[in-house]
Amino acid sequence: MKQRVAALLREQFERDVVLEKPKDRSFGHFATPVAFSLAKELRKSPIVIAEELASSFGEDPMFSAVESVKGYINLRLSESFLDEYASWALENEEIFGSIGEDEKILLEFVSANPTGPLHIGHARGAVYGDTLLRLGRKLGFDITAEYYVNDAGNQIDLLGLSIQLEGRASILNEKVEYPESFYRGEYMTDLAKEAADVFGTEIFHDESRQKELAMWAKDKVLDIIVKDLADANIHFDTFVSESSLYDDWDRVMAKMGNSVYSAEDKIWIRSSEHDDEKDRVVVREDGRPTYLAGDIVYHNQKFERGYHHHINIWGADHHGYIPRVKAATEFLGYDSKKLEVLLSQMVSLLKDGEPYKMSKRAGNVILMSDIIEEIGADALRFIFASKKSDTPLEFDVNELKKEDSSNPIFYINYAHARIQTILGKSELSMEEIMQSDLKGLNADADGLLFEALLLPEVIEDAFVSRQVQKMPEYLKSLAARLHKFYYDYRIIGEEDEAKLLKLFLVVALSLRTGLSMLGITAKDRM
RNA sequence: GCGCUCGUAGCUCAGCUGGAUAGAGUACUGGUUUGCGGUACCAGCGGUCACACGUUCGAAUCGUGUCGGGCGCACCA
C-alpha cells in the first residue's frame with residue numbers, strides 16, 4: 001500500500017519522497033514533508049510549494065483528497081481503494097504481506113555449543129532469528145535456517161572429561177575435584193548414567209576413550225537443544241558440523257593464497273589488512289586449528305553454496321570477532337558486505353522485582369526450558385521479540401503470567417477472540433459479509449481499517465531493518481484500536497453490521513498473521 | 001588504555017533514512033455504556049529525550065566532545 005503511494009508520488013513529483021503516517025489521523029492517511037526539502041532548492045516558502053504541489057495533483061482513483069497544510073502535503077486514500085485492497089487481502093490471505101522477493105538467504109543462528117541445554121541468553125538469539133526467518137519467508141525470501149554445531153575444540157574434550165568425572169562421582173561414588181570450567185548439572189548426571197549403560201562404567205577411568213565419549217555425548221546434548229528449540233516453535237533446516245569441515249582445510253588454505261603466512265611455527269591470517277586490530281593465528285604450533293580456522297572453512301562453504309546474502313546472529317560478547325571473519329571472507333574472494341552479523345544482547349530476569357534465581361541443578365544458569373515451563377513459549381517469544389535485540393533487557397516473569405491488559409500477549413489474543421465471538425453471534429453469512437463494501441465508514445472505523453491494512457508495511461519494515469520489535473508494537477496498537485472500537489460501537493443488529501464485520505475480518509487477519517510472524521498461534525477463544 | 005554499544009516518564013521499554021503537540025505498558029489518582037466477553041474503555045499525574053557544543057528552516061534522531069553503564073580486547077569458543 002505504502003509502496004504504491006510512494007511510487008505514485010515519485011512519478012508525480014519526479015523525485016523520491018519521504019512518506020509518513022501523521023500522528024493525527026484527521027490529517028489523512030499519509031503525509032509528506034517534501035515541500036520543506038524543496039524550499040531551499042526552489043527559493044520559495046514551503047507553504048507555497050506544498051500548495052502548488054497539492055493543487056497540481058489531478059484526480060487519482062487512489063486518493064479522495066490531497067491537501068496542503070502548513071507545508072505538509074496530506075493524502076487521504078479513497079474508500080474504493082481501501083475497500084478493494086481489503087477485499088483482496090481477505091481473499092488472498094496467504095500472500096497478503098508478500099512482496100514477491102525470491103532472494104536466497106542463509107540465516108545462521110543459535111549455534112550454541114553442544115555441551116549443555118540452552119539458557120536464557122541463547123533463547124533471545126533463537127527468538128530473534130526465528131522471528132526474522134518468519135518475517136523474511138512471509139515476504140517471499142527463500143531462507144535457510146542453519147545451526148552451526150561446534151563439535152571440535154576444547155569444549156568437546158572438556159565434555160568428555162566432564163562426563164567421566166560425573167560418572168565417577170554420581171555412579172561410582174568416588175570423590176572427585178571439579179575444576180571450575182567443567183560442565184555440570186542435571187543433564188550431565190543423566191548423560192553419565194546413560195553412558196554407563198551404553199559403554200560400561202570402565203569408560204569413566206579410560207583416558208583414551210574421552211574423545212569417543214565426547215562425540216557420543218554431543219549428539220545427545222544436541223538432541224536436548226533441538227527439543228528446547230522445538231518447544232519454542234523453532235526449527236532448523238540444516239545442521240553443519242564443525243568437525244566435518246576440516247577435510248576441506250587444505251583447499252581453503254590454498255584459496256586464500258598469501259593472505260595466510262607462517263611465523264613462529266604457526267599459521268596466521270592477515271586480518272589486520274581488513275579492519276582487524278591484528279593478525280590472527282589459525283593453526284597453532286602443535287598443528288591444531290583454532291576456532292577461527294573452522295569459521296573460515298565454514299564461511300567459505302557458506303559462500304560456495306551460492307546464497308545472495310548471509311545473516312549470522314551472534315551473542316553480543318562475540319562482536320570483537322566480526323572483523324576477522326569478514327577479513328577472511330574478503331581473502332576468500334567474496335564480498336564481506338554479503339555477510340551480515342547481528343548481535344543479540346544479554347538478558348536479565350526478575351521475578352517479583354528480585355533477580356531470578358539461577359538453577360543450581362543446571363549449573364548456575366537460567367534454562368530456557370525452565371522459563372518456557374513457567375510462562376509458556378508464546379510469552380517468552382513475545383517478550384524477546386518486543387525489544388531491540390542489541391540492547392540489554394531486563395524483565396519480570398510474573399508480569400507475563402497475568403491475564404489482563406498488562407500482559408500484551410493476552411491483550412492481543414483477546415482482541416482476536418472477541419472478533420471470532422462476534423462473528424459467531426452474527427446471523428449474517430460469510431457471503432453477505434464479504435459482499436458488503438467498506439464505504440461510508442466513520443473516522444474511527446476508517447482508522448481501524450487503515451491500521452489493519454498496514455500489516456504488510458510492518459512486516460517489510462521489521463525484516464528489512466532487522467528490527468523485529470516493530471511487529472509486537474504494531475500488534476499491541478492494532479489490538480488497542482480494536483478494543484476501543486468494540487467498546488465505542490455496537491455491531492450486531494446495526495445497519496452497518498455487514499461492513500463492520502468485514503472490517504473486523506481484516507483486523508483479525510492482520511492480528512493472526514502478525515502473531516504467526518512471532519511464532520504464536522492466535523486464539524479464537526480465551 | 002583501545003574498540004563496540006547503550007543512556008527517553010518512578011520502573012520496563014518503543015520512537016532514531018531529521019519533520020506537525022516526544023509515545024506505550026506499569027505504578028499512582030479518579031471515572032465509564034441499565035447493550036455484542038468490564039479479561040474491556042476513558043481521563044489525570046508523570047519528561048531540561050545524560051550533559052555541552054555544532055550542522056539545519058527544523059534535532060530524541062546527524063556530528064564532535066564530556067560524564068555514566070554494559071560488552072569485548074586469546075593460539076577459549
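Predicted model only: the values in this text are computed from it and were never measured. The analysis underlying the following values was restricted to heavy atoms, covering all of them including side chains, and did not include hydrogens, waters or symmetry mates. Residue numbers begin at 1 in each chain, while the letters A, B, ... track the order of the sequences.
- The residue Asp279(A) sits apart from the nucleic acid: no heavy atom pair falls under 4.0 Å.
- When the side-chain nitrogen and oxygen atoms of Gln469(A) are compared with OP1 and OP2 of G15(B), one or more of them lie within a distance under 4.0 Å.
- In the interface, the side chain of Asp295(A) is not paired with the base of A77(B) through any donor and acceptor atom under 3.5 Å apart.
- Rounded to whole Å, atom P of U5(B) lies 22 Å from atom NZ of Lys387(A).
- Evaluation of atom-type donor-acceptor distances gives no pair under 3.5 Å for the side chain of Ser406(A) against the base of G25(B).
- The separation between Phe395(A) atom CZ and G25(B) atom P is 20 Å, rounded to whole Å.
- Checking the phosphate oxygens (OP1, OP2) of C73(B), no side-chain nitrogen or oxygen of Lys278(A) falls inside 4.0 Å.
- Leu400(A) has its side chain within reach of Asn407(A): a pair of non-hydrogen atoms, C-beta onward, lies under 4.5 Å apart.
- Using a 4.0 Å heavy-atom distance criterion, His319(A) is classed as a base contact.
- Side-chain nitrogen and oxygen atoms of Lys523(A) include none within less than 4.0 Å of the OP1 or OP2 phosphate oxygen of G37(B).
- You'll find the side chain of Arg418(A) stays beyond 4.5 Å of the side chain of Phe504(A), heavy atoms only.
- With RNA chain B read from its 5' end, the first of the two nearest nucleotides for Glu277(A) and Ala479(A) is the one closest to Ala479(A).
- Using a 4.0 Å heavy-atom cutoff across all strands shown, Lys402(A) reaches no nucleic acid atom at all.
- A sub-4.0 Å separation between OP1 or OP2 of G37(B) and a side-chain N or O of Lys425(A) is present.
- Looking at heavy-atom distances under 4.0 Å, Thr290(A) makes contact with sugar-phosphate atoms alone, never a base.
- Comparing the C1' positions of G7(B) and U48(B) gives an interatomic distance of 15 Å, to the nearest angstrom.
- The aromatic ring of Tyr414(A) does not stack onto the base of A40(B), failing the criterion of a centre distance under 5.5 Å from the six-membered base ring together with planes under 30° apart.
- One interatomic measurement links the two molecules: CG of Asp317(A) to P of C73(B), which rounds to 8 Å at whole-angstrom precision.
- Base pairing of A43(B) is made with U29(B), judged by Watson-Crick or G-U wobble geometry with both donor-acceptor distances under 3.5 Å.
- Look at the P atom in both G69(B) and A27(B): the space between them is 31 Å, to the nearest Å.
- Using a 4.0 Å heavy-atom criterion, one finds that Lys484(A) contacts the sugar-phosphate atoms exclusively.
- Between atom CG of residue Leu454(A) and atom CG of residue Leu478(A) there is a gap of 9.0 Å, rounded to the nearest 0.5 Å.
- Pairing for U48(B) is absent, with no Watson-Crick or G-U wobble pair whose two atom distances lie under 3.5 Å.
- Checked by distance alone, Tyr411(A) brings no side-chain donor or acceptor within 3.5 Å of a matching partner on the base of U39(B).
- Aromatic pair Phe382(A)/Phe410(A): centroids not less than 6.0 angstrom apart.
- In summary, the side chains of Tyr489(A) and Asn442(A) do present a donor paired with an acceptor at a separation below 3.5 Å, with no hydrogens or angles considered.
- Between Asn154(A) and Phe36(A), the residue anchored nearer the 5' end of RNA chain B, judged by the nucleotide with its closest heavy atom, is Phe36(A).
- Ile322(A) comes within 4.0 angstrom of no nucleic acid atom, judged by non-hydrogen atoms across all strands.
- At G38(B), one or more side-chain N or O atoms of Arg418(A) fall inside 4.0 Å of OP1 or OP2 (strictly under the cut-off).
- Below the 3.5 angstrom threshold, one finds no donor paired with an acceptor across the side chain of His318(A) and the base of G72(B).
- A donor-acceptor contact closer than 3.5 angstrom links the side chains of His299(A) and Asn312(A).
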